[in-house]
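The basis for the numbers below is simple: all heavy atoms, side chains too, and nothing from hydrogens, waters or symmetry mates.
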Amino acid sequence: MEKKQKLTELFLLTSFLCCFVVLIHTSSEGVANLPIGSKWHKLFYMFNKALSFVVPGFVFLSGLKLTYSYQQKTFSFFPFIKKRILKLLIPYTFWYIAYYKFLTSIGFVESKTIQQHIFSFIMGDLVSPFYFVTIIFQFYFLFGIILYFLKKYQISYFLVACVILQYIYLRYIFVPYDDRFFMTYFLYFILGCVLATDMTFFQNKINQYCWLIYLCFAFFTYWHTTHAYSANIEGMIYYYWRIFTCLFSISAVAAFYHLSCIITQILPKWAITIFKAIEESSLYIFLGHCYLLYFCNERWFEIGLHSILRKFIYNSIIVFFGSFLLSFLYVFGKKKWYSIKKKI
């Protein structure tokens, strides 16, 4: 059996996305509370919007990792879902309860009925990171079908069909809660799956056309951030905004994927180890970082710190390193526990 290529660049790409998701949430106060139209508000808004490819990035990574791991394995739906429930749904349930208890205790959210809890849990709307769980579980249920099409049909035809399907959805179909519907993120997952089918070929193509990738990334970042600001703040119409959001997100993920490949080649082994630890802890960083952010904001309120810029800097440092450290200790402790159980 052919030995699998080690995808060490994914450690760095995941670390980038973890950092960006923290920055999105630590900068959100500036977007919400700075005077609208001020230079600082515009800076915070466009900075926040420029990082909004994070969830598409995580969806892309999920498709890539899943397909890559099943290249030489037989897919079986129930064991697959059981593993994802244990890996994702149990931590999500823990964090849902923890956030609810904390946020009701500080008066940030009101008490919910059982029906409201069920809806909130399924839709992932208690705190902002949770909607990713709703999205990714839809792809888990569809993954077997996607894998079947990948193996049965020629990749180029499959990809073209998916691009057309995504365009039709983004251009003509509007559904309630579309930010939690898998079709909004369909192409990102498919691109990850397609990339995983022949990593060497696609990596060579990405290296060959990296100049075009960065050019598209620069253009679509400028286009998307400026037009989103004009639409949301100045009331102008952002035509085909869903299409441009998709193009921006794809170019951003491609650019940071290539950047991760380049940096990984020159990093020492100890640095790779650090990024691997972040990658292994990424789920818990993603789920738990907002808890630390809410906690920090409560402390700033108590001591009378009102500077949004200072809070952004303090929160970004504390939340990322704090959530990483706690997540790393949890993952390390879990590994030790399993190793002890095996020896018994």
Side-chain angles (χ1 to χ4, degrees), residues 13-61 124-125 127-132 134-135 166 169-171 174 177-181 183-188 191 213-260 285-286 289-290 293 297 308-309 311-313 315-317 319-320:
L13 180 56
T14 304
S15 301
F16 273 132
L17 295 178
C18 285
C19 182
F20 294 158
V21 76
V22 169
L23 290 173
I24 284 175
H25 294 125
T26 56
S27 64
S28 61
E29 185 179 2
V31 177
N33 296 330
L34 283 168
I36 293 176
S38 67
K39 288 188 293 186
W40 278 108
H41 179 263
K42 188 172 185 178
L43 180 64
F44 267 87
Y45 183 95
M46 296 180 75
F47 173 77
N48 188 281
K49 187 61 67 174
L51 299 176
S52 60
F53 65 90
V54 164
V55 168
F58 278 118
V59 172
F60 165 82
L61 278 175
D125 69 354
V127 292
S128 51
F130 282 179
Y131 77 102
F132 174 75
T134 301
I135 297 163
Q166 182 72 93
Y169 173 79
L170 294 178
R171 184 71 179 87
F174 299 88
Y177 304 104
D178 70 323
D179 61 335
R180 287 158 169 78
F181 184 45
M183 273 306 302
T184 304
Y185 308 88
F186 180 67
L187 192 56
Y188 312 128
L191 287 173
I213 289 172
Y214 287 112
L215 185 63
C216 289
F217 172 53
F219 171 77
F220 286 120
T221 300
Y222 172 79
W223 181 276
H224 182 58
T225 55
T226 55
H227 281 69
Y229 182 84
S230 297
N232 288 287
I233 306 303
E234 299 171 353
M236 297 180 67
I237 298 174
Y238 185 3
Y239 292 102
Y240 311 116
W241 68 271
R242 297 168 88 196
I243 302 294
F244 282 111
T245 299
C246 185
L247 292 172
F248 155 70
S249 298
I250 290 171
S251 66
V253 172
F256 277 96
Y257 179 83
H258 181 261
L259 186 62
S260 299
I285 294 172
F286 187 87
H289 73 276
C290 277
L293 177 59
N297 284 334
I308 289 177
L309 181 59
K311 284 193 286 185
F312 167 68
I313 295 171
N315 285 341
S316 298
I317 296 170
V319 171
F320 179 75

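A pairwise comparison of heavy atoms in Ser316 and Thr26 identifies OG-OG1, 3.0 Å as the closest pair. When all heavy atoms are compared, the tightest approach of Tyr214 to Leu259 is OH-N, 3.4 Å. The minimum heavy-atom distance linking His289 with Val319 is given by the pair O-CG1, 3.4 Å. For the residue pair Pro56 and Ser52, the shortest heavy atom distance occurs at CD-O, 3.9 Å. Looking at every heavy atom in both residues, Phe58 comes nearest to Thr14 through CE2-CG2, 4.4 Å. Of all heavy-atom pairs spanning Phe286 and Pro129, the tightest one is CE2-O, 3.1 Å.
The structure places CG of Asn315 at 14.5 Å from CZ of Phe320, a figure rounded to the nearest 0.5 Å. The line from OH of Tyr131 to OH of Tyr177 is 15.5 Å long, rounded to the nearest 0.5 Å. Of the inter-residue distances, the one linking Leu247 atom CG with Thr221 atom OG1 reads 11.5 Å to the nearest 0.5 angstrom. From Tyr45, atom OH reaches atom CG of Leu34 across 14.0 Å, with rounding to the nearest 0.5 Å. To the nearest 0.5 angstrom, Leu191 atom CG is 9.0 Å from Gln166 atom CD. With rounding to the nearest 0.5 angstrom, the NZ atom of Lys49 is 11.0 Å from the CG atom of Leu51.
By the 6.0 Å and 45° rule, Lys42 stacks over the aromatic ring of Tyr229.
With hydrogens and angles ignored, the 3.5 Å screen pairs no side-chain donor or acceptor of His41 with any backbone N or O of Gly30. At distances below 3.5 Å, not a single donor-acceptor pair connects side-chain atoms of Tyr185 with backbone N or O atoms of Phe132. Not a single donor-acceptor pair under 3.5 Å links the side chain of Ser230 to the backbone N or O of His227.
The closest side-chain heavy-atom distance from Phe248 to Trp241 is not below 4.5 Å. For the pair Ile250 and Tyr188, the minimum side-chain heavy-atom distance is below 4.5 Å.
Among the candidates Thr184, Ile135, Asp179, the single residue satisfying the side chain to side chain contact (heavy atoms under 4.5 Å, CB included) test with Val55 is Ile135.
Other residues, nucleotides and ligands place no more than 12 heavy atoms under 6.0 Å from the OH atom of Tyr239. Residue Phe219 qualifies as enclosed at atom CZ: its count of foreign heavy atoms under 6.0 Å is above 12.
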Steps toward ring pair (Phe, Tyr, Trp, His ring centres under 6.0 Å) verdict (Tyr169, Phe186) | CA-CA 10 Å; Tyr169 173 79; Phe186 180 67; 9.2 Å; no

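For the pair Arg242 and Asp178, the salt-bridge criterion is met [side-chain N within less than 4.0 Å of a carboxylate O].
Between Phe44 and Trp40, the ring-plane angle classifies as tilted under the 30° and 60° cut-offs. Relative orientation of the Phe53 and Phe256 rings is parallel, given thresholds of 30° and 60° on the angle between their planes.
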